[in-house]
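Sequence lines set the chain letters: A, B, ... in the order given, protein chains first and strands last, and positions in each chain run from 1.
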Amino acid sequence: MIRGAPRGRRSPRREAPSADGASLFEDGGTTGMDETTQGFRADAPQGAAETDLERSEQMRIREAKLDALRAAGQDPFETVRFPATHHAADIVAGFAGMEGKPVAIAGRLLGKRGMGKASFGDLQDRSGRIQLFVKVDELGEDAYAEWLKLDLGDLVGVEGTAFRTNRGEISVRVARYTLLAKCLRPLPDKFKGLKDMDVRYRQRYLDLIVNPEVQETFQRRSRIVRTIRTYLDERGFLEVDTPMLSAIAGGAAARPFETHHNALDLDLFLRIAPELYLKRLIVGGFERVYELGRMFRNEGISIRHNPEFSMMEVYQAYTDYKGMMELAEGIVSACAQEVLGTTRIVYQGVDVDLTPPFARLTMRDAVLAHTGVDFDALDDAAARRLAAERGLDPLKAATRGEVMNLFFEEYVEAKLVQPTFIHDYPTEISPLTKKKPGRPDLTERFELFIVGREYGNAYSELNDPFDQRERFAAQAKRRAEGDEEAYQVDDDFLTALEYGMPPTGGLGIGIDRLVMLLTDSYSIRDVLLFPTMRPLPAGDAGREDGGEGPAEGREGVEGGNG
RNA sequence: GAGCCAUUAGCUCAGUCGGUAGAGCACUUGACUUUUAAUCAAGGGGUCCGGAGUUCGAGCCUCCGAUGGCUCACCA
């Protein structure tokens with residue numbers, strides 16, 4: 001880029017005006033602009049050589065405008081603050097009491113309608129958009145000439161008065177403005193928005209600028225997460241943070257990501273679930289704990305799966321899985337009420353009623369109702385035979401319970417549209433769950449299904465250390481047989497159980513899926529700001545950037561919310 | 001991991017039979033002091049995702065590769 005303009009000649013850091021009413025433009029500062037902008041074509045080939053050839057015509061024009069501003073001592077990037085008094089939506093909503101009153105707002109310029117010596121613009125801030133009205137009479141010749149050179153996407157702060165145009169649109173009559181940052185790249189189409197999914201995910205900021213419904217989705221996501229925290233906090237649950245790095249990835253059936261600690265020369269895993277740590281805290285006496293955060297599972301990517309995803313797990317001493325049903329109903333319906341104002345929602349065109357209580361059905365009854373097969377009346381061999389007859393492919397040693405689960409997933413799951421707790425899961429697929437009294441083949445476990453998807457998973461937590469050791473042993477056997485997702489034995493957790501864990505109910509809720517449900521999002525990527533993507537090949541920053549690799553080398557030290 | 005589809009100007013998209021690359025928005029210049037996707041006039045802008053092949057000639061046909069979307073598998 002052609003730079004080298006004298007910087008900070010006027011004052012090293014300009015603060016935008018406001019209270020004292022000092023004009024930004026009292027000393028002009030627009031001289032030289034015309035020569036520079038008109039001369040950019042001549043300058044480009046000589047001055048900036050190759051880099052300019054790579055940039056689009058529109059970028060070179062914008063850079064030339066920036067250079068001219070800098071040459072005039074008006075570097076927009078030196079401005080440090082702009083004290084806005086209002087947001088766009090405040091002015092529109094509260095116009096009755098604001099007409100003629102002074103306002104200062106800041107945001108991105110997303111529309112320009114020039115009319116000669118007057119012009120209109122649209123300013124977008126976090127609250128929405130408002131129209132700006134700019135007149136040469138009020139700004140002065142020089143400042144107005146500068147205004148006309150602003151580009152769509154520039155960040156500006158304006159001061160003026162709230163008023164209504166002849167056509168009735170609530171607007172701000174601009175008395176002064178400050179360019180707060182230059183937008184050097186042209187924005188996506190202002191009406192058609194940004195459609196290319198690749199670009200939308202990789203450059204989410206663009207998606208947020210031009211597709212307003214995307215902002216709405218992520219604001220709603222934030223409110224859902226806050227609602228869950230509030231709901232649990234109000235009921236005496238303590239939010240905690242347990243390790244993301246550990247030598248054993250336990251608490252779920254999934255393949256973990258592997259990593260390495262250099263100083264300890266130790267291989268570690270990224271967590272797949274916080275369960276075993278949270279239960280240690282129940283042993284420790286917290287009685288009510290929860291964690292809401294990111295989990296990592298080394299599995300495929302799909303419309304419902306991302307390698308890192310958010311889950312909430314909550315544990316409550318002295319209750320069981322039925323207590324967790326009430327908690328799950330309460331959380332899901334409270335979130336719907338908070339973000340949609342109702343518990344009767346529509347997901348992808350399907351009416352769903354999230355009003356508690358939700359239907360409750362044992363897995364055996366659900367399978368019986370949908371297939372006519374009563375697994376209580378079968379033994380292992382008969383169950384396997386029946387599966388084979390229907391073209392299912394159970395493992396050779398599959399038990400009755402495993403086959404029943406297979407039937408459930410194959411014939412029932414997709415049909416559970418209205419919220420339904422499916423409970424009494426087979427023991428062999430529930431290694432952390434208490435057995436049902438009198439039915440050692442079943443456990444006190446439920447999963448919550450809505451629109452054919454799983455949203456929650458809960459147990460009466462297994463607290464018998466002998467039983468837990470046997471369950472781990474059974475999992476270890478499977479692991480030895482090649483099941484990479486079978487649980488690893490966690491001796492330290494067993495030790496904790498030997499000190500005594502109170503009877504406890506535990507519940508996990510998939511945050512991303514809940515957000516999908518309540519934002520009517522088709523894909524999980526639409527509720528993740530930055531879904532996992534393959535990096536673009538080196539040297540082909542392509543659609544993204546002509547220069548330095550974007551954001552690489554900055555590890556995501558993300559906030560603790562999920 | 002497999003199959004199908006997509007990739008053309010900054011964005012959204014056309015592109016016929018293989019014969020000099022098109023539109024709208026955006027951009028530049030000019031006109032215009034209350035517009036609403038402002039309008040009017042003129043103009044500039046292309047690694048047709050990358051590579052190889054077929055052909056006199058490839059955005060288009062063939063092969064290889066990249067990225068994404070969808071479906072399936074795994075999973076929550």
Side-chain angles (χ1 to χ4, degrees), chain A residues 34 37-38 40-41 53-62 64-65 110-122 129 131-139 144 149 151-153 163-169 171 173 183-202 206 209-211 252-255 272-273 295-311 313 409 447-449 453-457 483-485 508-514 516 522-525 531 533-544 546:
Chain A
D34 287 350
T37 43
Q38 284 168 3
F40 79 88
R41 285 192 200 98
L53 295 178
E54 293 167 4
R55 296 183 184 278
S56 72
E57 175 192 45
Q58 296 196 43
M59 281 194 68
R60 292 197 303 271
I61 290 169
R62 287 169 182 239
K65 289 179 180 176
L110 288 184
K112 278 178 81 184
R113 293 179 291 282
M115 294 283 303
K117 292 189 167 57
S119 60
F120 295 86
D122 299 312
R129 286 195 192 192
Q131 177 170 269
L132 305 177
F133 176 59
V134 188
K135 254 196 333 184
V136 65
D137 305 350
E138 309 199 19
L139 235 55
Y144 187 74
K149 288 175 190 142
D151 289 303
L152 296 189
F163 85 115
R164 195 188 285 273
T165 63
N166 290 348
R167 300 284 176 98
E169 176 145 350
S171 309
R173 181 190 298 268
C183 177
L184 293 170
R185 293 175 181 269
L187 291 178
D189 189 279
K190 60 180 172 178
F191 308 116
K192 301 259 170 94
L194 183 62
K195 293 273 174 57
D196 186 322
M197 297 311 287
D198 192 9
V199 178
R200 289 181 61 191
Y201 296 146
R202 289 184 197 276
L206 287 179
I209 290 169
V210 300
N211 295 329
R255 286 156 64 187
I272 56 175
M295 306 298 146
F296 308 88
R297 297 189 184 177
N298 209 335
E299 310 281 357
I301 292 176
S302 82
I303 201 163
R304 292 190 280 288
H305 301 87
N306 195 65
E308 55 179 305
F309 65 103
S310 294
M311 184 164 66
E313 283 201 11
E409 289 176 352
E447 291 189 345
L448 170 60
F449 292 90
R453 292 176 186 170
E454 184 196 334
Y455 287 80
N457 185 10
D483 181 354
E484 285 183 81
E485 291 173 3
I509 289 181
I511 300 297
D512 309 290
R513 290 189 178 175
L514 182 60
M516 287 167 69
Y522 180 62
S523 166
I524 192 171
R525 294 182 207 92
M533 304 285 281
R534 275 198 163 85
L536 292 174
D540 179 31
R543 305 166 239 198
E544 151 76 322

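Residue A:Lys190 places no side-chain N or O under 4.0 Å from the OP1 or OP2 atom of B:G24. Note on A:Arg113: a side-chain N or O is less than 4.0 Å away from OP1 or OP2 of B:A38. For A:Arg167, a side-chain nitrogen or oxygen approaches OP1 or OP2 of B:U36 to under 4.0 Å. For the pair A:Arg525 and B:G69, the criterion of a side-chain N or O lying under 4.0 Å from OP1 or OP2 is met. Between A:Arg513 and the phosphate of B:A76, there is no side-chain N or O to OP1/OP2 separation shorter than 4.0 Å. Contact between the side-chain N/O atoms of A:Lys192 and the OP1/OP2 oxygens of B:C13 is not found at any separation under 4.0 Å. The side chain of A:Arg202 places an N or O atom within less than 4.0 Å of a non-bridging phosphate oxygen (OP1 or OP2) of B:G68. The phosphate of B:U35 (OP1 or OP2) has no side-chain N or O of A:Lys117 nearer than 4.0 angstrom.
Side-chain contact check for A:Ile524 versus A:Pro531: every heavy-atom pair is 4.5 Å or farther apart. A 4.5 Å side-chain heavy-atom check between A:Asp122 and A:Lys190 finds every atom pair outside the cut-off.
Nearest heavy-atom pair, A:Arg513 versus A:Tyr455, reported as atom, atom and distance to 0.1 Å: O-CE2, 3.2 Å. In terms of heavy atoms, A:Arg525 sits closest to A:Ser302 at NH2-O, 3.7 Å.
Nucleotides B:C70 and B:U29 place their C1' atoms 46 Å apart, quoted to the nearest Å. Rounded to whole Å, the P atom of B:C60 lies 12 Å from the corresponding atom of B:U7. Rounded to the nearest Å, the gap between the C1' atom of B:C49 and that of B:G59 is 12 Å. Rounded to the nearest Å, the gap between the C1' atom of B:C4 and that of B:A9 is 29 Å. Remark: the separation of the P atoms in B:A66 and B:G50 is 15 Å, to the nearest Å. The C1' atoms of B:G57 and B:G18 are separated by 8 Å, rounded to the nearest whole Å. Atom name C1', nucleotides B:A76 and B:G65: the rounded distance is 34 Å, in whole Å. Rounded to whole Å, the separation between the C1' atoms of B:G46 and B:C64 comes to 25 Å.
Looking at A:Asp198, its side chain has no donor and acceptor atom pair within 3.5 Å of the base of B:U67. The base of B:A76 does not come close enough to the side chain of A:Glu454 for any donor and acceptor atom to sit less than 3.5 Å apart. If you check distances only, the side chain of A:Gln131 does reach the base of B:U35 with a donor-acceptor pair under 3.5 Å.
In this structure, NZ of A:Lys195 is placed 17 Å from P of B:G69, rounded to the nearest angstrom. If you measure from atom CG of A:Asn166 to atom C1' of B:U36, you get 13 Å, rounded to the nearest angstrom. Computed from coordinates, the A:Arg60 CZ to B:G10 P distance equals 11 Å when rounded to whole Å. Per the geometry, CG belonging to A:Asp122 stands 17 Å off P belonging to B:U34, to the nearest Å.
Taking NZ from A:Lys117 and OH from A:Tyr144, the interatomic distance works out to 8.5 Å, rounded to the nearest 0.5 Å. Between A:Leu184 atom CG and A:Arg60 atom CZ the span is 13.5 Å, to the nearest 0.5 Å.
Under the stacking criterion of a centre-to-centre distance below 5.5 angstrom and an interplanar angle below 30°, A:Phe309 sits stacked against the six-membered ring of B:A76.
Comparing A:Asn306 and A:Ser171 by the nucleotide of RNA chain B that holds the closest heavy atom to each, the one mapping nearer the 5' end is A:Ser171. Of the two residues near RNA chain B, A:Glu485 and A:Arg534, the one whose nearest nucleotide lies more 5' is A:Arg534.
At the heavy-atom level, A:Gly510 lies nowhere under 4.0 Å from the strands shown. Across all strands shown, A:Ala253 has heavy atoms under 4.0 Å from sugar-phosphate atoms exclusively, and none from any base. At a threshold of 4.0 angstrom between heavy atoms, the contacts of A:Met59 with the nucleic acid are absent. A:Gly508 comes within contact range of no nucleotide atom at all, as no heavy-atom separation falls under 4.0 Å.
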Acceptor/donor pairs from residues 131-138 of chain A side chains to any protein atom, 3.5 angstrom cut, sequence neighbours excluded:
from, atom 1, to, atom 2, distance (Å)
A:Gln131, OE1, A:Arg113, NH2, 2.7
A:Gln131, NE2, A:Ser171, OG, 3.1
A:Glu138, OE2, A:Arg173, NH1, 3.0

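At least one donor-acceptor pair under 3.5 Å links the side chain of A:Asp512 to the backbone N or O of A:Ser310. Side chain of A:Gln58 to backbone of A:Arg185: no donor-acceptor contact under 3.5 angstrom is found.
When distances run from any side-chain atom of A:Ser523 to the nucleotides B:C70, B:C27, B:U35, the shortest one goes to B:C70.
With the 3.5 Å cutoff on both pairing distances, Watson-Crick and G-U pairs in RNA chain B assemble into runs of at least 3 at B:1-7 with B:66-72, B:10-13 with B:22-25, B:27-31 with B:39-43, B:49-53 with B:61-65.
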